[in-house]
Amino acid sequence: MIRPFGLRQVWGRLHVTARDLPLAVLLCALAFVPGMRGSGTDIGAVAERPYDAPAVVAIGLQTLALTLRRRWPAVCLTLVAAGFALDQLRGYHTVAGTALPLALLSAGAHLERYRRTTVAVLSVAYVLFVAELVRRGTDEPPAELVSFYVALCLLWGGGAWLRSTRIAEAERRHQVAERTRAAERARIARELHDVVTHHVTAMVVQAEAARYLTAAPERLDEALTAVTDAGRRAVADLRHLLDLLNPDHGEGSRTPPVGRLLTLVEQTRRAGQPVEFTEKGTPAASTGSADLVAYRVVQEALTNALKYAHGQATSVLVRHSGRDITVEVGTDGPGTRAVASPGGGRGLAGLRERVDVLGGEFEAGPRPGGGFAVRARIPTGSRA
């Protein structure tokens with residue numbers, strides 16, 4: 001059995017003319033129902049006559065042309081108007097005349113080119129239609145003929161309003177998509193900044209230290225090995241980040257494994273920074289983007305500690321709860337106050353934006369007893 005959702009999918013895949021066909025056939029069938037004869041629009045007060053061959057042509061033009069109302073709206077409106085004129089001039093007054101308002105509304109909504117020309121041609125055609133009625137001696141008051149024309153113009157205007165609304169909605173969606181792409185580009189740039197800055201800073205610190213270790217080959221070899229390891233980790237992190245841009249990449253790869261925090265701390269220790277790492281609590285079942293942001297907070301804070309307080313004791317505390325992740329990174333020594341200067345806070349400003357997007361809290365500044373502290377509370381479960 002086909003489920004309703006499956007039926008909607010099948011219906012949506014049909015060509016637009018096929019989707020408009022049922023309405024056209026239904027209206028055509030109603031026009032031939034005996035009880036519906038003579039119950040349609042009557043403009044011109046032409047004496048009613050029974051159906052004949054031209055009546056079938058008039059009904060067919062008005063109803064079956066509706067299958068083209070969205071595919072070729074100008075053709076549809078022309079055929080329907082011709083059938084309507086034949087219907088009224090010969091006095092059939094069929095219910096098929098209902099197709100004219102539908103055709104006008106559809107043309108106003110879907111016609112893309114020559115809109116003014118179409119309006120002008122149809123207005124001239126209506127004048128010729130009225131002139132023919134007058135030649136035949138119609139008893140219709142002029143006010144009724146004018147009112148009918150005004151009604152036709154309102155129908156066209158309604159279609160034009162629908163078209164402008166659709167265009168405005170498409171433009172709004174385009175702008176949203178552009179803003180989303182810009183935000184994604186900015187996010188990727190921040191990720192690259194964090195990855196490259198942290199690893200390159202560690203490599204620079206190790207390379208500077210290696211200059212003074214020529215008399216101790218074993219320590220020199222250890223320092224150069226640390227530089228090599230940092231470079232390899234930088235390449236691995238960049239590869240991980242580029243993998244995220246792959247549409248086929250799994251959602252699970254968005255969050256760094258828990259072990260990467262330990263690797264990050266160990267790498268910082270090798271660069272000469274004494275780091276005490278503590279992790280408390282059990283991670284939530286679904287953390288969304290919180291784990292990734294927490295990782296970046298620790299990474300940026302340790303990078304700043306290497307830059308501005310190299311060799312000073314640093315502590316990292318990561319606390320998990322059912323609703324959020326709290327990260328606290330503190331570094332001793334007055335040198336970390338430089339991070340608060342305008343030239344050094346670019347990375348921390350980016351972290352503040354990330355945490356704010358997830359609805360969290362972010363603080364960074366000098367500690368009362370000296371040193372510098374970074375604290376962030378990041379709600380879990382957000383996919384931002």
Side-chain angles (χ1 to χ4, degrees), residues 17 20 23-28 30-32 36-164:
T17 55
D20 288 332
L23 175 62
V25 172
L26 176 61
L27 191 57
C28 182
L30 287 176
F32 289 100
M36 301 294 292
R37 293 186 179 183
S39 59
T41 305
D42 184 359
I43 295 294
V46 177
E48 186 175 341
R49 70 168 66 189
Y51 285 3
D52 52 14
V56 176
V57 174
I59 293 172
L61 286 174
Q62 292 177 92
T63 59
L64 298 182
L66 288 179
T67 57
L68 309 176
R69 67 186 185 90
R70 285 185 285 183
R71 182 66 179 86
W72 292 298
V75 175
C76 170
L77 184 56
T78 301
L79 295 176
V80 171
F84 182 82
L86 179 61
D87 186 316
Q88 299 302 313
L89 291 175
R90 291 187 62 85
Y92 301 124
H93 309 311
T94 69
V95 74
T98 310
L100 182 61
L102 294 175
L104 269 170
L105 193 65
S106 297
H110 300 289
L111 187 62
E112 299 293 338
R113 303 175 60 188
Y114 307 113
R115 294 176 62 84
R116 294 183 180 179
T117 302
T118 301
V119 171
V121 170
L122 291 176
S123 297
V124 171
Y126 184 76
V127 171
L128 296 177
F129 169 71
V130 171
E132 179 62 20
L133 290 177
V134 172
R135 188 187 68 82
R136 296 188 180 196
T138 179
D139 295 331
E140 193 78 57
E144 292 292 332
L145 298 173
V146 174
S147 299
F148 186 74
Y149 177 76
V150 172
L152 297 179
C153 292
L154 290 176
L155 287 167
W156 174 275
W161 177 80
L162 291 174
R163 178 174 180 270
S164 63

Heavy-atom pair with the smallest gap, counting every atom of L77 and W156: CD2-CZ3, 4.3 Å
CG on L30 to OG1 on T98, rounded to 0.5 Å: 8.5 Å
Main-chain N/O of W161 paired to S164 side chain as donor or acceptor, under 3.5 Å: yes
Side-chain heavy-atom pair I59, Y92 within 4.5 angstrom cut-off: no
Value rounded to 0.5 Å, distance of CD in Q88 from CG in D42: 6.0 Å
Exam field: side chain E140 to backbone V130, donor-acceptor pair closer than 3.5 Å: no
Distance in Å, L61 CG paired with C76 SG, rounded so as to fall on 0.5 Å steps: 11.0 Å
Between CG on residue L66 and CG on residue L79, distance to nearest 0.5 Å: 10.0 Å
Test item: R71 side-chain N/O and T67 main-chain N/O as donor-acceptor pair under 3.5 Å: no
Whether F84 and F148 hold their rings parallel, tilted or perpendicular, with breakpoints at 30° and 60°: parallel
V75 to L68 - nearest heavy-atom pair and separation: CG1-CD1, 4.1 Å
Nearest heavy atoms of D87 and H93, plus distance in Å: OD1-N, 2.7 Å
Exercise: identify the closest heavy-atom pair between G97 and Q62: CA-OE1, 3.2 Å
Heavy-atom check, side chain of L100 versus side chain of T41, under 4.5 Å: no
Verdict with reasoning, R90 to D52, per salt bridge (Lys or Arg N to Asp or Glu O under 4.0 Å): CA-CA 10 Å; R90 291 187 62 85; D52 52 14; 3.1 Å; yes
Of L133, T138, D139, the residue whose pairing with V46 passes side chain to side chain contact (heavy atoms under 4.5 Å, CB included): L133
Straight-line distance of Y149 OH to L122 CG, nearest 0.5 Å: 9.0 Å
For R135, all residues meeting salt bridge (charged side-chain N to carboxylate O under 4.0 Å, His left out), sequence neighbours excluded: E132
Nearest heavy-atom neighbours spanning Y51 and A31: OH-O, 3.1 Å
Value rounded to 0.5 Å, distance of CG in L105 from CG in L162: 6.0 Å
Short side-chain to backbone donor-acceptor contact, R70 and T17, under 3.5 Å: no
Over all atoms of both residues, closest heavy-atom pair of L86 and P54: CD2-O, 3.6 Å
side-chain contact (heavy atoms from CB on, under 4.5 Å) between V121 and Y114, worked out: CA-CA 10 Å; V121 170; Y114 307 113; over 6 Å; no
